[in-house]
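Heavy atoms only: backbone and side chains are in, while hydrogens, waters and symmetry mates are out.
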Amino acid sequence: MSATPLPLAAGDATRHEGLTVFVRGLTVQASIGIHDHELNRLQTLVIDVTLTLVPGPVERLGDTVSYEDVAAAARAIVAAGHIGLVETFAQRLAVACLDDARVQRCAVRIEKPGALEGVVAPGCEVVLARE
């Protein structure tokens with residue numbers, strides 16, 4: 001087996017089985033929480049998003065989802081104002097990602113470091129998919 005991949009010949013049979021785009025470790029400062037001590041202050045959220053796209057060839061940015069669009073969607077949720085629950089934030093972000101018809105499944109994992117003493121990062125994961 002060659003260490004250098006060879007280009008596919010025109011007659012070779014291939015099938016695009018999957019395309020996953022992800023953003024890991026996006027850090028935002030958000031007004032989030034339900035407790036009195038969480039109101040009127042920003043807290044750190046660390047966000048991971050994994051998108052399963054319709055498989056197909058990717059030759060240009062328009063064939064996929066831009067990482068910047070995922071980050072912009074998260075920042076827009078922050079900018080919209082206070083959110084009570086991390087789960088609500090995750091669900092809103094997943095719905096925003098599914099607005100793109102190429103996205104078939106979206107997993108959003110959010111950690112809220114510092115929210116619970118003695119724990120590195122409590123949080124949640126929300127997974128939404130098209131039917």
Side-chain angles (χ1 to χ4, degrees):
M1 186 159 147
S2 173
T4 304
L6 300 174
L8 295 173
D12 288 349
T14 61
R15 179 178 70 228
H16 292 275
E17 290 193 355
L19 175 58
T20 302
V21 171
F22 58 88
V23 173
R24 301 259 192 277
L26 173 64
T27 302
V28 298
Q29 298 299 311
S31 176
I32 193 162
I34 59 170
H35 301 292
D36 289 341
H37 70 274
E38 295 179 299
L39 302 177
N40 300 315
R41 72 180 189 101
L42 298 178
Q43 297 185 73
T44 300
L45 299 179
V46 181
I47 304 167
D48 296 335
V49 178
T50 302
L51 306 175
T52 303
L53 278 60
V54 175
V58 178
E59 297 295 330
R60 56 189 176 81
L61 184 57
D63 297 331
T64 188
V65 174
S66 169
Y67 315 128
E68 289 88 1
D69 290 346
V70 174
R75 291 182 182 117
I77 293 167
V78 169
H82 186 84
I83 297 173
L85 300 172
V86 172
E87 292 83 352
T88 303
F89 190 110
Q91 185 168 352
R92 288 180 186 174
L93 183 52
V95 167
C97 290
L98 283 167
D99 278 345
D100 188 314
R102 296 168 294 193
V103 178
Q104 296 299 297
R105 179 179 184 274
C106 178
V108 176
R109 182 174 192 262
I110 300 181
E111 296 179 357
K112 190 176 173 187
L116 187 59
E117 188 175 334
V119 175
V120 173
C124 74
E125 183 172 44
V126 169
V127 180
L128 299 179
R130 297 187 188 282
E131 292 190 27

> Mind checking whether Val23 and Val58 sit in one hydrophobic cluster, side chains of I, L, V, M, F, W, Y counted as touching below 4.5 Å?
Replying inline: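 Yes: a chain of side-chain contacts under 4.5 Å links Val23 to Val58.
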> If Ile, Leu, Val, Met, Phe, Trp and Tyr residues are connected whenever their side-chain heavy atoms lie under 4.5 Å apart, and connections chain through other members, are Val46 and Val70 in the same group?
Replying inline: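 No, Val46 does not connect to Val70 through the hydrophobic network.
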Contact summary for [X] and [Y], nearest pair of heavy atoms:
X: Leu26; Y: Ala74; value: CD2-CB, 3.7 Å
X: Thr44; Y: Pro113; value: O-CD, 3.5 Å
X: Ala73; Y: Ala96; value: CB-CB, 4.2 Å
X: Val54; Y: Gln104; value: CG2-NE2, 3.2 Å

> Do side-chain atoms of Gln43 reach the backbone of Ile32 as a donor and acceptor pair under 3.5 angstrom?
Replying inline: yes
For residues 76-86, which side-chain N or O atoms pair as donor and acceptor with protein atoms under 3.5 Å away, sequence neighbours left out?
{"from": "His82", "atom 1": "ND1", "to": "Ser31", "atom 2": "O", "distance (Å)": "3.3"}
{"from": "His82", "atom 1": "ND1", "to": "Ser31", "atom 2": "OG", "distance (Å)": "2.6"}
{"from": "His82", "atom 1": "NE2", "to": "Gly33", "atom 2": "O", "distance (Å)": "2.7"}

> Under the salt bridge (Lys or Arg N to Asp or Glu O under 4.0 Å) rule, what pairs show up with a residue in residues 23-45, not counting sequence neighbours?
Replying inline: Glu38-Lys112
> side-chain hydrogen bond (donor to acceptor under 3.5 Å, both in side chains): which pairs involve residues 65-78, sequence neighbours left out?
Replying inline: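 Residue pairs passing side-chain hydrogen bond (donor to acceptor under 3.5 Å, both in side chains), neighbours aside: Ser66-Glu68.
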> Going by the side-chain hydrogen bond (donor to acceptor under 3.5 Å, both in side chains) test, which pairs reach into residues 85-97, not counting sequence neighbours?
Replying inline: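 Counting only pairs at least two positions apart or across chains, no side-chain hydrogen bond (donor to acceptor under 3.5 Å, both in side chains) contact touches residues 85-97.
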> When you look at Val49 and Ile47, which way does the side-chain contact (heavy atoms from CB on, under 4.5 Å) test go after all the steps?
Replying inline: CA-CA 7 Å; Val49 178; Ile47 304 167; 3.8 Å; yes
>> Counting neighbours of CZ on Arg109 that are heavy atoms of other residues, nucleotides or ligands and sit closer than 6.0 Å, is the number greater than 12?
In response: no
Side chains of residues 121-131: which donor-acceptor partners sit under 3.5 Å, not counting sequence neighbours?
{"from": "Arg130", "atom 1": "NE", "to": "Val103", "atom 2": "O", "distance (Å)": "2.6"}
{"from": "Arg130", "atom 1": "NH2", "to": "Leu98", "atom 2": "O", "distance (Å)": "2.4"}
{"from": "Arg130", "atom 1": "NH2", "to": "Asp100", "atom 2": "O", "distance (Å)": "2.9"}
{"from": "Arg130", "atom 1": "NH2", "to": "Val103", "atom 2": "O", "distance (Å)": "3.4"}

> Are the side chains of Thr64 and Leu19 in touch, meaning some heavy atoms are under 4.5 Å apart?
Replying inline: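 In short, these two side chains touch, coming nearer than 4.5 Å.
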> Considering residues at least two apart in sequence or located in another chain, which fulfil the ring-ring contact (aromatic ring centres under 6.0 Å, His included) criterion with His37?
Replying inline: His35
>> Evaluate Ile110 against Phe89 for side-chain contact (heavy atoms from CB on, under 4.5 Å), listing each step before the verdict.
In response: CA-CA 8 Å; Ile110 300 181; Phe89 190 110; 3.3 Å; yes
